[in-house]
Amino acid sequence: MECSEGEKYIKIKESFAPLRTAAVRRLLQMHYDSHIGHIGGNLSCLDTLLLLHHYIMQHDDLFVLSKGHAAGALYITLWSLGELDDSLLTTFHADGSRLGGHPLSNWHPRIPVSTGSLGHGLPMAVGMALAKKLRGEPGRVYCLTSDGEWQEGSNWEALIFACHNRLQQLTILVDHNGWQGFGSTTEVASMADLAPRIAAFGPAVPSVNGHDPVALYQALTPRVAVSGHPAVLLLETIKGHGISFMENRLESHYLPLDKAGLELALRELAGRAIS
Amino acid sequence: MRNAVCSALLSLFGRHPFVFLTGDLGFQALEPLRAVMGEKFINAGISEQNMISVAAGLAQQGMLTWTYSLGSFAYARPFEQIRNDVCLQSLPVKLVGNGGGYAYGAMGPSHHALEDYGILLTLPGMRVHVPIFGKDVQPIVARMSVSPAPGYLRLGRCECPPGYTVPLYAPWRRLLAGRGTPTLVVGPVAGPLLAACLSMERDVRPDIWGVTELPVRSSEMPAAFLAVVRQQRRLCVVEEHVAHGGVGQMVAHELLTMGVSMDTVLHAHAHGYPSATCGSQAFHRRESALDAPSILRLLGLGS
């Protein structure tokens, strides 16, 4: 028997919380073990990656991580799906590993393209969505960009192309955490009002709390765009989300965790899971 | 050669469908292709970076994709896209750049492609094709279409001299037999040189060879070419491309690696813009000593 919408949302909320806690715990441990930063931008988008891969994406769908520096969040998401062995996570950033600081393609079916240099993932996702359109194939292409990444001209080129060619097969997700490598997006490029700028090209640009699984679920369903444009969703997120001393801190973009930081973060996480 | 590439792709499309993206170029050349290809012919607009990445995305999904632009726009602006999205991911995107070398003449340096293949050949897997004659385009397009590697097709103007019979296509071939200095030519700049040499005595004129597929590999050099170079211990390379990363350097490296001793290596190549002025392709060739009289002087055959 099918459950009601309300019951479905309760189930999502209940099942998502432990999933997220385990994922954040493993992500922090992986970054600590490898002494690698970029944690803040991973934590701002991890909820979206988990929700998308566990609750939304179907067999024919594809995902492109245009903000490749969030590779850790992608690896942890695949780990949470049982599609990446835990032993592989221990190789993160190691010599001979496939788990680099930015995703490498051609080895895992859920990582269709390599990314890392910003402004590449979206245009490639546009090409993949175009392939689906030309062949009349089912499925969507989801592409997660950062917000600072929209300072790259190639993203706007891709947006123009996607809108003009009415690529309804494409969903563009923007991790709007307000921070980039050396300042806030407002300080660096007056980019706080990204939504109306994107909307000026045609698509509606709703925003959603990127840390609320039910709100994310609702925003990502139905899966079919009705406007004729690609779907665009602005994720209102917090850099370093869930770890008090990382939240909205520029340092969380690059700096790794030390042992004390890891222990504090895990204690916070445990406390939150209990409460 | 634009019309030749259009005909070649038209012929190919019927057998092996592909997607064609143009960066808003091809007026009065690609209309027949657009008419046949329907929605698979896409004007990607003036956005070369996006065009290359979109092509990579299509190729990632298994769709053979050709892109088209003006030579310098095809490789210089979207270099990072060619590097990261195409070559580093081993995707079979085929780039067509029209107007290699100084072909766009007085349009100016922004429209010239003087370092295109040198730069592109630094990328993994990249194969470059430089037709010498219009007739080369069809077999080259056929070869590119079946190759799983990324490819770059550098088009120029067909400068085949009247009365000259183009030898059957091969990536390496002798264009004009002679007993003079073995001379390896890249691209249409061979045309005026051939025209100047056709009436010369065979004992005097250079032994002119053409290479159309790069990088130069010793394993692909014909035995007859190697034999004449070994015998004469001389070689001249002519190319409408800067010296750095050009065929002259490639060939010298390959020959040295093979242990072929040389007394003299001559290299006629693009020198950029010595006078800092603009002019026709012929003007720029003269400034770079790439015109036929200058090449003959380099070979010791002119006054």
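Naming convention: chains lettered A, B, ... in sequence-line order (proteins, then strands); numbering from 1 in each chain. Side chains are part of it too, since the values below use all heavy atoms of this structure and drop only hydrogens, waters and symmetry mates.
- Taking a cutoff of 4.0 Å between a charged side-chain nitrogen and a carboxylate oxygen, B:Arg217 and B:Glu254 do not qualify as a salt bridge.
- Of the residues considered (B:Ile46, B:Val54, B:Ile52, B:Ile42), B:Val54 shows the highest number of contacts with chain A, using heavy-atom pairs under 4.5 Å.
- Contacts of A:Asn165 with chain B are made by side-chain atoms alone, with heavy-atom separations under 4.5 Å and no backbone atom involved.
- Other residues, nucleotides and ligands place more than 12 heavy atoms under 6.0 Å from the CE atom of B:Met37.
- Centroid-to-centroid, the aromatic rings of A:His53 and A:Phe63 come within less than 6.0 Å.
- Among pairs with a residue in residues 159-180 of chain A, those fulfilling salt bridge (Lys or Arg N to Asp or Glu O under 4.0 Å) read A:Lys67-A:Asp175, at least two apart in sequence or across chains.
- Only the side chain of A:Leu62 comes within less than 4.5 Å of a heavy atom of chain B; its backbone N, CA, C and O stay farther away.
- Each of A:Thr171, A:Leu173, A:Asp61, A:Leu216 was compared with A:Leu52 under the side chain to side chain contact (heavy atoms under 4.5 Å, CB included) criterion, and only A:Leu173 meets it.
- Between chain B and the options A:Ala162, A:Gly119, A:Ser154, A:Ser117, the largest number of non-hydrogen pairs under 4.5 Å is found for A:Ser117.
- The environment of B:Arg127 atom CZ is dense: over 12 non-hydrogen atoms of other residues, nucleotides or ligands sit within 6.0 angstrom.
- Only the side chain of B:Leu91 comes within less than 4.5 Å of a heavy atom of chain A; its backbone N, CA, C and O stay farther away.
- Residue contact with chain A, scored on non-hydrogen atoms closer than 4.5 Å, involves the side chain of B:Gln60 exclusively.
- The candidate with the highest count of non-hydrogen atom pairs below 4.5 Å against chain B, out of A:Ala131, A:Ala158, A:Ser114, is A:Ser114.
- Within the 4.5 angstrom heavy-atom criterion, only backbone atoms of B:Glu48 (N, CA, C, O) approach chain A.
- Heavy atoms closer than 4.5 Å to chain A are found in the side chain of B:Asn84, but not in its backbone.
- Heavy atoms from other residues, nucleotides or ligands lying under 6.0 Å from NZ of A:Lys133 number more than 12.
- Across A:Val126, A:Val113, A:Leu104, A:Asn106, the residue that shares the most heavy-atom pairs under 4.5 angstrom with chain B is A:Val113.
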